[in-house]
Amino acid sequence: MSDLTATAPGRAAPRMAGRVKAAIILFILFALMPPLASALDDPFYVLIGTRILAYAIAALALDLILGYGAMVSFGHAAYLGFGSYAVAILSSYGINDLGLQLLFGITLSAVFALITGAISLRTQGVYFIMITLAFGQMAFFFFISLSAYGGDDGYGLSERSTLMGIDILQSDFGLYYVTLALLIAMFVLCHRIVMSRFGRVLTGIRENPTRMEAIGYSPFRYQLTAFIISGCITSVAGVLLANQAQFVSPAFMSWHRSGELIVMVVLGGVGTLTGPIGGAVAALLLEEWLGALSEHWRLWFGIFLVLMVLFSPRGITGVLERMGIVRTRQ
Amino acid sequence: MTGLDVKNLSKSFGALKVTDDVSLRVEPGEVHAIIGPNGAGKTTLISQLSGQLASDAGSVSIGDRDITHLSMPERVKLGLARSFQITSILPGFTALENVALAVQARRGSSFRFFGNVAGEAELNEAAMSALAEAGLDDRAEVLAKSLSHGEHRRLELAIALATDPKVLLLDEPLAGVGGEDAEAFVSRLQTFKGRFTMVLIEHDMDAVFALADRVSVLVYGKLIATGKPEDVRSDPAVRAAYLGEEEVA
Amino acid sequence: MMNLFVLQLLNGVQLGVLLFLIAAGLTLVFGIMDVINLAHGVLYMVGAYLIATFAAATGNFWWGLLLMLPAAVLVGMVLEFVVMRRLYARSHLDQVLATFGLVMIASEAVKMIWGTSPLSVPMPEILSGAVPLMGPLKYPVYRIAVIVAGLAVAVGLFVLVNYTRVGMLLRAGATNRSTVSALGVDINRLFSVVFTLGAVLACLAGALVAPILSVDTGMGESVLILTFVVVVIGGIGSIKGAFLGALLVAIVDTVGGVFGPIWLRQILDPAAAGQVGRVLGPMLVYILMAVILFAKPAGLFGRRA
Amino acid sequence: MLDVAGLESAYGDSQILFGIDFRVKEGEVVTLLGRNGMGKTTTVKSIFGLVKPRAGSVKINGQNLTGADPHRIALAGLGYVPEGRQVFPTLNVEENLRATARPGKWTLQRIYELFPRLEERRRNMGNQLSGGEQQMLAIGRALMTNPKLVVLDEATEGLAPLIRADIWACLERLKSEGEAILVIDKNVDALTKFADRHVVIEKGRVVWTGTTEQILATPDVKDRFLHV
Amino acid sequence: QDVPAGASDDVLKIGLVYTLSGPPAALGEQARDGFMLFAEKIGEIGGMETEIIVVDDEGRPDLAADKARELVQRDEVDFVVGPIFSNILMAIHQPVTSTGTVLISTNAGTSTLAGEGCTPNFFVTSYQNDQIHEVMGAYAENQGYQNVFLMTPNYQAGKDSQAGFKHSYTGGTAGEIYTELGQLDFSSELAQIAAFQPDAVFTFMPGGMGVNLVKQYSQAGLTSIPFLSAFTVDETTLPATQDAALGLLGGANWAPDMENEANETFVTEYIAKYEHVPGTYAMQAYDAAQLIDSAVRKVGGDLTDRAALMAAIKEADFDSPRGDFSFGPNNFPIQDFYLVEAVKREDGYFGTSIVEKIFDDYADNYADQCEM
Ligand SMILES: Nc1ncnc2c1ncn2[C@@H]1O[C@H](COP(=O)(O)OP(=O)(O)OP(=O)(O)O)[C@@H](O)[C@H]1O
Ligand SMILES: Nc1ncnc2c1ncn2[C@@H]1O[C@H](COP(=O)(O)OP(=O)(O)OP(=O)(O)O)[C@@H](O)[C@H]1O
Ligand SMILES: [Mg+2]
Ligand SMILES: [Mg+2]
């Protein structure tokens, strides 16, 4: 009855169109934000915006496996950590190129995802949640004990990365637009994967793994591949976060952070790709906004979450559906 | 045409011997029915043949290929397909998508990350024709979870057909197919005769005797009889263990 | 060395019982009703705060405990009625989101009511003091009392779940609610009673450990993950599993934490052993869980669906 | 005993039932007939409140229980053998039988007499049973609630001929003991031996009702459902 | 030196960054209250119209970095005061100091920022982290202990703490243990202590861990073994440990019962306003407020002359409740350190009390690595 996924649709094709439209609208809004912020004389929001976009990438990546593969990873913050420590480690050797940092972060993540994914995929459901948590915590404790990079205190970065020798990222606007570009690229990537043959197999395994085996698929290979892809995309978010904060710390990879990523995905709408982007924006903006209004913002945020679940089973996507703004059912 | 050769297959759950030294030859192109009381081990046998359950002892081969140690997906690739007694479908997919996935498993790589699978005419056409063969083409666009029970049974068959099997293992395909529709269903199965080898488990004796070339009877995990339908039907041991009097009439 | 080993084993057992006491309510709600309740830790915290308040008001631990119980029933019932009953039929992820919200609400509310400074609960007079155990080692009486309470809860739950109609209906209802109700059982009422029981157990655990542990706003969060680990290692839905899981986690933690570095020193040079020990120490529990789930993907006593 | 009038039901936007009317009197055996997907199961689910009807009424012993909670309907005297068995996988056979039992003449003992196979498997979990064993369990479970009206949705699916015959015998005995039965089954031939009346559903509407004699006298219906 | 954007207007803006949610919120609240106590009493800090913006870093470094930037770039504050934790300090240090804004840490004092990473516009009113541990080490050394059991949580600060202790302690150790961060139950460690019977136990267990340890230490009947601690027995944990902590020892740069006029004013007013005893968190933030006040007055409210402002701050011309206070070359304090003990005060509250002075005018060990 209550399986691990909300009823994310298998009928990807006709529903997708609406979501892509919603995503395009979101991206346009994102692109307009910095000029608007400058016009309102608050360029500072660009920096907050960058953080939100980076989390959106992570939420998107998590949705790829959570929404389409029923793999609820509770250790995904580890990949944020690999991405950000890739920046720290390379920069301590004087390598500041964003491309190389991305490559290094992705490589670290791929290896970690390959090993831990192969073990975790022996389990299912809540057991999978907990075993991914275990691996996430191991990564967390590993970085805590990594004295060379400040251990628990973290490691400050003296400057942001360069992009092919150009220091476009030094300006907050530059960093913002590079992050946005990467978000769009990752969205396109995930969207195409979901629509592809591979994506259909992945979704099929979520629906009924025994049936899939009986028609000739071995679920493990597909799930593991998706798991690795998701980890790699999340590490991109980590690289960007490190640049945004100019600081890395194991706090980036604590289980709280993994939990928050899940909250963003579920809040936005599981298995919709666009939803989790919206979820990340909503969660972080709300936090920012409520935090400014009241010292007890957690209370209000909590109430918001509970009401959301009780009255809109499919998160923000569900609300929009009901208002007729997004159509996802036939 | 490929046959199926089963030698000394056994399986126990704890102390319970569910299949006990079962040996069986299914000739190429034959429809071979397996009947027997509830809990005799028929489904277990199918699961062993399809690779879903590992056998304790014995061997299975199709054609002259020994598949005893292959996994379920590997066996499917060699042409061994099964349907499930208890409906097992992808509930959130449409009927068409359910079947198209089965087609895809046999055609080209599934490690394609780009390209819109919903638009692949090649897959959809093959899937439609499998649906049509199972009599479900008019429900192609309906989500599988909103199909009725009888429709689920047809979907089971369509999926199995779509894997393009050489040997098809059918576990009670008629269960839940209503009286009126059952006859049509049997004649549909009849048209598959000769296209591939079939192992058929069924409690519907009308269907068994209409379709089967040979019948084996499994009781408490042991094969107690194999032979032509007429012979099995009149076998007193079979009557006592399974048929009773009413159904033969 | 041998003495220490035996004593550590004993300590492991006692920490295990403590963990089980906290995990017991979670096993019931998560393992059997199949509802993921992240707010379990919060209930545990509320129990501790309640007894701290009542004990301070009456100046007596036992009165505090006695008053805490009806308050806990009330908390459980309100929570069930307002939120949880709407979540039973929902997906696990929805439950995670909603109860995550509850955690935020409750921790903030606790902070608003009781402030951020940790509170104290006095140890009851007759249970304070320690009994001598080998050599200079002593063992606090109160901990013995906690062990006894934990064992009683374990036995009670085991019987409830495995040998009573209520237990059967719960297990049935977790997998197929509509069929259970179509067979004539008011599953909603049953679930609300059991959820309340789980909540009371959580509060009770919080109340019982309050004299030993710090009563602060973080106490719920720090045990939450550990109790999930315990339940998962044991196998979801198994009281026996949760009990053994709790013991295992505790023993690995206590014995491994102490003897791990000692053993490491025999194969590595001391500096390296120290470093490896420091890295492995906090991971031990997680490594244990990963290894168990690798070998038994559904936990020690879990049933593979 | 059971009085269904003008029942309309839908799943989301798609309406399935468009006005179903029939009654089952005390001690009567009624069948629901119809091809796959015509709405038989939906009718039963609507009676039990598992699907909330949009219109129409369900009365049990004169009491209007339209869309009431399922357990209230069951407590009013209805026993349910759901389509697709729905045994509880995490309970063993005996627990499956006892969990929802209510006192009455059906006891564990009698169920085991009816289905000796279940007694042999009494320690197996619900999901460790063969298809047919699960079906027996589902029937036994419904009887253990000691209902006045048993509703069986495809209860003999997957049962061996001998067992099927046993079930028919059992239903006949139930009938003789004064219990009412509403049954959906494809083996109409066997049912006609003791069924009193038949209701044919097509596309969510009742298109024919009548007694067994009337079926035999109506060539169209007879050809479709009977082989005699 | 950069001149921050907000320096030229005539409002004095101060941003406070503290951890005000989650379990460690008690520490952040004390610090905030200590700062506000002075600010509200005097009304206009430095004689200027004052605006104070309080932000909660939630204990999350990345968020803290953003919030610090927000204070500096959007709100254009003149001073940032905070935080409690070292990892937060590391995260906000660069964003704040790089703009020329003055950062005053009232608690965290990490070694990197005391040595090579020192900057002219970063000041500390607490201490360098290692110093408190050195106090306990020196005390153990003075007592002639030969066999001390070290136990700290397994993270950077825990490791630094053992190093700090051993910096001034030369005797042997009965065990050097790292416990899990956030550990609940210390029975296994306590069993080891009981088995080894060391001369003393040295520990560093901030927050709830410390409460648990102290309660269990007394329940296990180990109070006969001297308990030397840092950040374990203080005014934030004493309300929870109460009698269990009585007699346990700690190291500090101050205690609420110090006898001087500034301290009496501070403690009395604090207790009157907040109804609990202030801890060092509150005292050090109170001093930060006094520090800003004194410096701004010295420059006559002209915040654009940065050199003059820095010099004015460096003079530290105010009466600290702790007595002697001056800045060393790295802008970390030079001050006295004491052994303190948990007591029940005359007013019924629990608090720490000075036992003896361990170091006089003590500077940290990193100052000579600082070049500025
Ligand atoms: N996982 C299991 N553990 C223990 N016993 C099992 C398990 N699965 C099946 N059995 C038992 O094995 C026996 C054979 O089951 P199987 O499903 O093969 O029967 P079947 O011949 O297909 O019967 P039916 O005609 O009723 O479907 C049954 O008695 C069943 O109880
Ligand atoms: N959960 C559901 N959601 C949407 N539509 C459904 C659902 N269940 C059944 N339907 C549709 O309702 C119609 C009637 O289904 P129902 O199960 O009542 O048929 P039935 O007469 O019992 O058929 P069968 O003999 O195959 O069991 C079918 O067209 C089916 O597709
Ligand atoms: Mg079977
Ligand atoms: Mg039906």
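Please read these numbers as outputs of a predicted model, since none were measured by experiment. Throughout, a chain's letter reflects where its sequence line sits, starting with A, and its residues are numbered from 1.
- Once rounded to the nearest 0.5 Å, the distance linking CG of E:N87 with CZ of A:F247 reads 6.0 Å.
- Under the 4.5 Å side-chain criterion, counting only non-hydrogen atoms from C-beta, E:Q73 is in contact with A:D172.
- Highest contact tally toward chain E, considering only A:L47, A:L146, A:V248, A:I48, is held by A:L47 [criterion: heavy-atom pairs under 4.5 Å].
- The number of heavy atoms from other shown groups lying within 6.0 Å of CH2 (A:W300) does not exceed 12.
- Neither the backbone nor the side chain of A:S145 comes within contact range of chain E; no heavy atom of the residue lies under 4.5 Å from a heavy atom of that chain.
- Using a 4.0 Å cut-off between charged side-chain N and carboxylate O, A:E260 and E:R60 make a salt bridge.
- Annotation for A:F44 and E:D66: closest pair CZ-O, 3.2 Å, computed over non-hydrogen atoms.
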Candidate pair A:R51 and E:L63, rule side-chain contact (heavy atoms from CB on, under 4.5 Å), full reasoning: CA-CA 9 Å; A:R51 179 158 57 89; E:L63 189 86; 3.6 Å; yes

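- Counting heavy-atom neighbours within 6.0 Å of E:E40 CD, excluding the residue itself, gives a total above 12.
- Side-chain contact check for E:D62 and A:Q244: no donor-acceptor pair (N or O, by modelled atom type) lies under 3.5 Å.
- Using a 4.5 Å cut-off between heavy atoms, E:T112 does not touch chain A at all.
- Separating the OG atom in A:S158 from the CD atom in E:Q94 is a distance of 7.5 Å, to the nearest 0.5 Å.
- Contacts with chain A were tallied for E:A65, E:G59, E:S21, E:A91; E:A91 has the most, counting heavy-atom pairs under 4.5 Å.
- When heavy atoms are compared at a cutoff of 4.5 Å, A:F252 approaches chain E solely by way of its side chain, counted from C-beta outward.
- Summarising the local packing, CZ of A:F142 is surrounded by 12 or fewer heavy atoms from other residues, nucleotides or ligands at distances under 6.0 Å.
- A donor-acceptor distance shorter than 3.5 angstrom exists from the side chain of E:R69 to the backbone of A:A245, with no hydrogens or angles considered.
- Contacts between A:Y155 and chain E at a heavy-atom distance below 4.5 Å are absent for every atom of the residue.
- Residues A:H256 and E:E58 have side chains not in contact (no heavy-atom distance under 4.5 Å, counting atoms from C-beta outward).
- A heavy-atom distance below 4.5 Å is not found between the side chains of A:D152 and E:K159.
- With a 4.5 angstrom heavy-atom cutoff, E:E70 touches chain A via backbone and side-chain atoms both.
- To the nearest 0.5 angstrom, E:N129 atom CG is 7.5 Å from A:D153 atom CG.
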